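Reviewing the structure listed below.
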Amino acid sequence: MTPLNFIEQIIQEDIRAGKNNGRVHTRFPPEPNGYLHIGHAKAIYLDFGSAEKFGGKCNLRFDDTNPIKEETEFVESIKEDIHWLGFDWEDREFHASDYFDKLYEFAIDLIKRGLAYVDDQSSEEIAAQKGTPTKAGIESPYRNRDIEENLDLFTRMNNGEFDEGSHVLRAKIDMASPNMHMRDPVIYRIIKREHHRTGNKWQVYPMYDFAHGQCDYFEGITHSLCTLEFEVHRPLYDWLVDRLKTGDYRPRQIEFNRLNLTYTVMSKRKLQELVMLKLVSGWDDPRMPTLSGLRRRGYTPEAIIKFIRSIGYTKFEAINDVALLEHAVRDDLNLKAPRVFVVLDPVKLVITNYPEDRIEEMEIINNPEDESMGSRSVPFCSELYIEKDDFMENPPGKYFRLGPGREVRLKGAYIIKCTGFNKNESTGEIEEIYCTYDPETRSGGPAANRRVKGTLHWVSARHAEDAEVRLYDRLFNHHDPAGQKNHDFKEFLNPESLKILNFCKIEPSLSEAKPLDKFQFQRIGYFCVDKDSIPGSLIFNRTVPLRDTWEKVAKK
RNA sequence: UGCUUCGUGGUGUAAUUGGCAACACGUCUGACUCUGGAUCAGAAGAGUCCAGGUUCGAGCCCUGGCGAAGCAACCA
C-alpha cells in the first residue's frame, strides 16, 4: 500500500467529516485545443485514480469555452489517449458547452442581483484600470449602471448587435482586492465564431473562471483537482459557487504541482510551436512528451503510470529527472519485450571452417525473464553480420569483444576465434572479419560452458532482412530548456535527437512484426515498430537504450 | 514595495498525536551471467534555506529573516 498523497488525505478527511454525504466525484477537464502530454497523464491518474480509490466516479469534461482555439480533432485524440492509459468515464462525457444555457441564466441572475455589469470599455482601458499586484485598481465608469440597462446590453451582446471587443460582462467584486482575479473579472465576452458543438447559437462565451466551478457544481463534483497556477483563482471559484449553490453541497478546488521533466518542454503552447514550425514531425513525433508521441516511441501505459506513481503529488514545483521515466519503461519492457537479434551497423563476418552450404537452426530463448514466452529458431550459416562496434583492430584490455586472435561467444550458437580481417586501406574501414568456430561449443553442446569474455549478437547474412531504425535521443540538450532567461527554448534543441539508420539487419522472425510491437534488440535497447512501416520495409523506433556500462568505460 | 504558495542527499518523494531523517532514481564498488542487460550484495551522498525560541527531545510547534514560483489574457 502506497501512502496516500496529500490530496487523497484531504479527500479521506472530507469523507470522515461527512461532507457532500461522503460522496467522491472528480473530473478531468482538458481543453480540446491540443494533444495530451505526460503532464496530463499525471492529472488523469489523480482524477480517475483517487475517485476509484474512494469508490467514486470521474467525469470527462471538455473545457470548450473558447471557440477560437478548440477543435473536434483534439476531442478524439484526447479520448483515445485516456483510454490508452487505461481509464474510462463510462457515459459521463460532458462539455462545458453543455452548460452554456445554465451559465447564461446564472449571468443574468448575477446582473439582477447587482453582482455583474456590462463594461463598454476596450480591453486596454480595462487592463489599465486593473492596477498592478502592488497597486489597487480603479472602478470602471460603467460599474454602477442600473440593472435594466445591464440586462438590455447583455441580451444585445448575445444577439450579435455589438462587435467583438466592444462590450464585456464583468462580475462586480472588488477593484481593490489584493487578489487580481477578484478585481471585477471579465466573465463573458463577445466571440462571433462557430463553436464546434453549439454552432452559431451563441455570440457571447463564458470565461474559464465563470465556467469551471459552476460546471463542477452542475455535475456534482466534490473534488476539483487542478495545477498550482490556479491557486489564486480559488477565491473567485468559491465566490461564484457561493452565489450559485442552494444547499450544503459544494465542490472544492485543490491544487497540486504540475509535471516538469528534464530535457523537454511541457507547455502546450511550446509543443504546438514545435509542431507548427515543423521542428518535429507532428504531435506524435516520438521525441514529444505527448502521450501519442510516447506511445509511438514504444512507451507502455504501465510504464507511464509507474513513473507517475513514483514522482507523487505535492505543492513543490519540481523538475523530475527524465532518467526516472526511462527507468520505468526499461523496468516494464524488461519483463514484456521479446529479445531479438538486430545488427544496427553491420560488418560481414565469415566463418572459414564452417561448411559453406550448411544452415543450422539455432533455438533461442525469447525472454530469460519469462519462460512462458518460449523460444524461436534463428538460422545460422558461415556468413553473418555483427556490429562494427563489436570488433576492434587494437582492442584495449577492458574490451570484452572481438579482436585479432580473440575468442567470443556468438549468442545461442558457437564460440568463434578471430583469425584475420580485411581492411580498406584508403578509408580505414574494416570490410570483412574472418573467424573459425569450435563445433564442440554449440549452445547446449559438450564444450558449451567454456568461458569467454564476451557474447555477441549476430544475424545470418543470407537470411537477414533490411530495416530502418530510428535512434531517438532527448529533444533538448539542456536539462531545463524553457527555464533559461534571455534564451528561447528552441535554442536548446538537440541536433542529434534523431539518427536514422537505413540498412540495419534484422533476424527473419521479425519480418512479421506489426506497428507498436515492442522488442528488446539484444545488447542494444528497446525498440518499437513504427506506424509508418509497411510489410517488407519495417521501421523501428528506439524507445530507450539498455543501460550500457561499456559506454561509460569507453568515455573514460 | 501587495496577495497566494513552496524550500528535506545530485533528482524526486517519505517521515500523519514532536522520538536514531527513510525510499526510489542517479552515482560508485563487488558477485553472478551465453545480453558490458537483468538479478544479487554493498558503498558514498542530506542533518532538513538561515537565525533565534519552546521542549528531555524539533524536518515537524512559535518568532523573525532569506530565497524561489505563481498572479496585472476579452487564454485555459
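These figures come from a predicted structure and were not determined experimentally.
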Item checked: Contacts of type side chain to side chain contact (heavy atoms under 4.5 Å, CB included), residue A/Arg442, not counting sequence neighbours -> A/Glu360, A/Met362, A/Tyr414

Next item on the list: Not counting sequence neighbours, list each pair that qualifies as a ring pair (Phe, Tyr, Trp, His ring centres under 6.0 Å) and has a residue in residues 304-335 of chain A.
Entry: A/Phe256-A/Tyr313

Check: Among all residues two or more places apart in sequence or in another chain, which pass the side chain to side chain contact (heavy atoms under 4.5 Å, CB included) test with A/Lys315?
Finding: A/Phe6, A/Leu228, A/Glu231, A/Glu255

Margin query: Just to verify, what does A/Glu194 make a side chain to side chain contact (heavy atoms under 4.5 Å, CB included) with, not counting sequence neighbours?
Written below: A/Asn200

Checklist line | Summary of protein contacts for nucleotides 8-13 of chain B, nucleotide by nucleotide, where a base hit scores B, a sugar-phosphate-only hit scores S (4.0 Å, heavy atoms) | finding: S--SSS

Check: How would you list, by chain and number, every residue that makes a side chain to side chain contact (heavy atoms under 4.5 Å, CB included) with A/Glu73, sequence neighbours excluded?
Finding: A/Tyr35, A/Glu71

Next item on the list: Please name all residues satisfying ring-ring contact (aromatic ring centres under 6.0 Å, His included) with A/Tyr217, sequence neighbours left out, ordered by chain then number.
Entry: A/Tyr249

Next item on the list: Using a 4.0 Å cut-off on protein heavy atoms (strictly under), produce a 5'-to-3' string for nucleotides 39-48 of chain B with B for base contact, S for backbone-only sugar-phosphate contact, and - for none.
Entry: ----------

Item checked: Partners meeting ring-ring contact (aromatic ring centres under 6.0 Å, His included) with A/Tyr188 (sequence neighbours left out) -> A/Phe154, A/Phe210

Notebook entry, point to check: Any salt bridge (Lys or Arg N to Asp or Glu O under 4.0 Å) pairs touching residues 320-336 of chain A, not counting sequence neighbours?
Noted result: A/Glu302-A/Lys336, A/Lys306-A/Asp331, A/Glu326-A/Arg474, A/Asp332-A/Lys336

Next item on the list: Convert the base pairs of RNA chain B into dot-bracket notation, remembering that pairs crossing earlier ones are written with [ ] and that bases paired across to another strand are shown as |; include only Watson-Crick or G-U pairs under 3.5 Å.
Entry: .((((((..((((.....[..)))).(((((.......))))).....(((((..]....))))))))))).....

Check: Listed by chain and number, what are the ring-ring contact (aromatic ring centres under 6.0 Å, His included) partners of A/Tyr208, not counting sequence neighbours?
Finding: A/His212, A/Phe230

